[in-house]
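Below, all heavy atoms of this structure are taken into account, side chains as well, without hydrogens, waters or symmetry copies. Proteins get letters first, then strands, A, B, ... in listed order; numbering begins at 1 in each. Everything numeric in this text was worked out from a predicted model, so none of it was measured.
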There are 2 protein chains.
Amino acid sequence: MATISDVAARAGVSTATVSRALNGKSSVDPALVERVVQAARELGYQPNGLARNLRRQETAVIALIISDVENPFFTALARGVEDVAQAVGYSVVLCNADENGEKERRYIDVAVQERVAGVLLSPTSTGTDVRALTERGTPVVAVDRPLPQAATDSVLVDTRAAAREAIVHLAEQGYTRIGCLTGPSGIPTADERLAGYRDGLRSARLRRDPSLVRRAEFRAAGARAAMTELLAGEGGERPDALLIANNAMAIGALVAISEAGLRPGTDIGVVSFDDAPWAPLIDRPLTVVAQPAYEMGTVAAQLLLARVNDSSRAPTRTTLSARLIPRASSNPTA
Amino acid sequence: MATISDVAARAGVSTATVSRALNGKSSVDPALVERVVQAARELGYQPNGLARNLRRQETAVIALIISDVENPFFTALARGVEDVAQAVGYSVVLCNADENGEKERRYIDVAVQERVAGVLLSPTSTGTDVRALTERGTPVVAVDRPLPQAATDSVLVDTRAAAREAIVHLAEQGYTRIGCLTGPSGIPTADERLAGYRDGLRSARLRRDPSLVRRAEFRAAGARAAMTELLAGEGGERPDALLIANNAMAIGALVAISEAGLRPGTDIGVVSFDDAPWAPLIDRPLTVVAQPAYEMGTVAAQLLLARVNDSSRAPTRTTLSARLIPRASSNPTA
DNA sequence: ACGTCGTGAGTAAACGATTACCCGGGCAGG
DNA sequence: CCTGCCCGGGTAATCGTTTACTCACGACGT
């Protein structure tokens, strides 16, 4: 594979000149530039990014560590990140931590070792340790979930208020025994949504009934099982409406509802977090709390890139808001 | 940031010994190993992956270039790739080419420059140029779509046979004016599915009517417009059933169908490529051709890694088959 | 006319690891 | 007892760039 010295030899100049000509940093005689470019083309020269990065002590790569590649919320977010990064010549490495603290730690190590320019992280838990990064001056932006100990930028959604709003909406529609299906304890978004659920009950002057709350993994399977339990009325009377904390869980829950021979809306009110293109198509069209996933990605990427260029900025906290999209699954009279 | 010489100084040995102790390559006095490990820990030493890669002339990174991050088919595939790569210590860089030849070319350049160990590619068109990679000996595996000129491994689905099967299924259900909504001309999967559609019509002894075929981008928006046209009966009588070439298009088409006040199954038969967790939940539950996306990812990753270790293997072509999952959207009597 | 300054290009150091090569000492075999 | 081999560990070359430093040359100001 051709190296810079091959090009230099062919063009009859020094490697320094080749480097300068190709990078256009310092002014080089146009005639020489022409010779160099010509020689590079003839040899099919492609600079060795490894050597360049080693010398420059920087890479044009940002790592995006998320907890589930198959979750449309995160893919939309990834797309936002990618679009911003791509536009300024950065590449995005997508790492799938899978809600697994161990995998997450490994990816953080890799990010340190590969000296990425910055890390976008959706922490699996509040205990996630990013000191390995911050101590080395690698900028970190927390996205979707906060990172309490570290003084990092973060881009969040006011998920608690959104959950509250969803409950108020359900109450206004006439549902009274409203349950909640949320994620594992310790995952901030799961806990916040549960807190918002309680806020909502309080606002609507409905009684809290612990038997109407279930936790499961942010996956379809667990949600389905939990939903089946709830519908069987284990531990009390069954709910007449539900707030579900994410997209994948909604699918599991809807399967359980359909297996129980019930229909969303008329038989049981359903509101789920995360809009999806198919949400209007299901039977009944699903009421959702739409999070601005793509926008979160763009904002987070911009923050990260800004910090790469100026590490002295004070940490900021951006909170975007979610939007309730009422459809038939929360309408008992449709 | 601590370097290997800092560790060497602290442990009172040479950098060579540190390297050997930490990598366990050659035998080192256990007492020294202990001293080195201790020193490394105290300094919080993390090896500089850039320097290591430069010296070793290799990276433990594979690039996965796909055409749409938001397409669940590709995310499932990515997951398969990731699981395999991760298990043997490789990282996966996910690049979103967005069905855009230009972006794709840029990512291929980046892959060359960063000297990735290998590339998994779902080419945007048959014209995709991977010479930059093959000439440098970087292994390439084509996935989902073939790469005609290059002698690369490929992992494909027998999508033509699957399309044919879907049409035969629709014909058996009694539909007679079966249309097809496929992707842009030149994208192999789009063309293959169309060919399979024609095969199916022939098998079922149905007449081909060009006015029942539409092409659009592999996105919801284009499919919705095309479907609206078809339902308006532009250029002939409208279809009584449809084969749709991917998941995102199915969503667009279903929206158009619902806007026209029709219901899948009874009013118009629908079969779409790609299963999705929500497919059983929509009204009517969607009949699909399920592709083994995750498995394709694992197989492709294994092939790529095998070739990284032994570049002399002959190129192979793995063809997996898809499976028709009949649901109510292709049942006129349900 | 002379010193100074700017400009363009070359020389070589540097980035931080891995590893080829070499050296010294201990041990076994003749 | 001597020779040669093996083994552990140090020295320094190496990977391919970028860039600090240096130098030569021409122009310009006094």
Side-chain angles (χ1 to χ4, degrees), chain A residues 1-37 39-40 43-61 89 109-110 112-117 136-138, chain B residues 1-37 39-40 43-61 89 109-110 112-117 136-138:
Chain A
M1 186 135 37
T3 73
I4 198 173
S5 8
D6 299 332
V7 178
R10 181 163 196 126
V13 298
S14 72
T15 61
T17 303
V18 174
S19 175
R20 288 193 274 249
L22 261 28
N23 293 312
K25 290 286 181 187
S26 155
S27 62
V28 181
D29 187 325
L32 280 192
V33 173
E34 178 52 35
R35 284 228 308 276
V36 169
V37 170
L43 293 169
Y45 171 68
Q46 286 275 23
N48 184 325
L50 300 173
R52 163 179 300 169
N53 296 337
L54 174 58
R55 173 61 223 230
R56 288 211 184 134
Q57 295 287 74
E58 68 182 32
T59 60
V61 172
D109 276 358
V110 171
V112 171
Q113 290 184 11
E114 298 297 326
R115 307 296 197 267
V116 299
R136 288 180 166 71
T138 306
Chain B
M1 184 134 41
T3 72
I4 198 172
S5 10
D6 299 332
V7 178
R10 182 163 195 126
V13 297
S14 72
T15 61
T17 303
V18 174
S19 176
R20 289 193 272 250
L22 260 29
N23 294 312
K25 291 284 180 184
S26 155
S27 62
V28 181
D29 187 326
L32 279 191
V33 173
E34 178 51 36
R35 284 228 309 274
V36 168
V37 169
L43 292 169
Y45 170 69
Q46 287 274 23
N48 184 324
L50 299 173
R52 163 181 299 167
N53 295 337
L54 175 58
R55 174 62 225 233
R56 289 215 184 127
Q57 296 285 75
E58 68 182 32
T59 59
V61 172
D109 276 359
V110 171
V112 171
Q113 290 183 10
E114 298 298 325
R115 306 296 196 265
V116 298
R136 287 181 166 72
T138 306

Atom pair CD/CD of A:Glu114 and B:Glu114 - distance to nearest 0.5 Å:
9.5 Å
Any idea which heavy atoms bring B:Val28 and B:Ala21 closest together, and the distance?
CG2-N, 4.1 Å
What residue pairs, at least two apart or across chains, pass salt bridge (charged side-chain N to carboxylate O under 4.0 Å, His left out) with a residue in residues 1-17 of chain A?
A:Arg10-A:Glu42
If a pair satisfies salt bridge (charged side-chain N to carboxylate O under 4.0 Å, His left out) and one of its residues is in residues 16-29 of chain A, list it, with sequence neighbours excluded.
none
Global bending angle along the helix from C:dA1-D:dT30 to C:dG30-D:dC1, which compares the axes of five pairs at either end, to 10 degrees:
50°
Under 4.0 Å from any atom of DNA chain C, heavy atoms only: list the residues of residues 2-9 of chain B that qualify, in numerical order.
B:Thr3, B:Ile4
Contacts of B:Val13 meeting side-chain contact (heavy atoms from CB on, under 4.5 Å) (sequence neighbours excluded), chain-then-number -> B:Ala11, B:Thr17, B:Val18, B:Leu32, B:Arg35, B:Val36
Measure the CG-CZ distance between B:Leu50 and A:Arg55 for me, rounded to the nearest 0.5 Å.
13.5 Å
Nearest 0.5 Å, please: how far is CD1 in A:Ile4 from CG in A:Leu43?
12.0 Å
So the contacted stretch of DNA chain C, first to last nucleotide with an atom under 4.0 Å from a non-hydrogen atom of chain B, runs from C:dG16 to C:dA20
Heavy atoms only: give me the nearest A:Tyr45-A:Thr3 pair and the separation to one decimal.
CE1-C, 3.6 Å
With sequence neighbours excluded, tell me which residues meet side-chain hydrogen bond (donor to acceptor under 3.5 Å, both in side chains) with A:Gln113.
B:Gln46
Proximity to DNA chain C (any heavy atom under 4.0 Å), residues of residues 17-29 of chain A only
A:Thr17, A:Arg20, A:Ser27, A:Val28, A:Asp29
Using atom types as modelled and distance alone, determine if a side-chain donor or acceptor of A:Thr15 lies under 3.5 Å from a backbone N or O of A:Ser5.
no
Test item: B:Arg115 and B:Asn53 side chains (from C-beta on) under 4.5 Å apart, heavy atoms:
no
Going by the rule side-chain contact (heavy atoms from CB on, under 4.5 Å), which residues pair with A:Ala51 if we only count those two or more places apart in sequence or in a different chain?
A:Asn48, B:Leu54
Can you name the residues that form a side-chain contact (heavy atoms from CB on, under 4.5 Å) with A:Ala60, not counting sequence neighbours?
A:Tyr90
Sequence neighbours excluded, which residues qualify as side-chain hydrogen bond (donor to acceptor under 3.5 Å, both in side chains) partners of B:Ser26?
none
Strictly below 4.0 Å, heavy-atom distances to any atom of DNA chain D: list the hits from residues 44-60 of chain B, or just say none.
B:Leu54, B:Arg55, B:Gln57
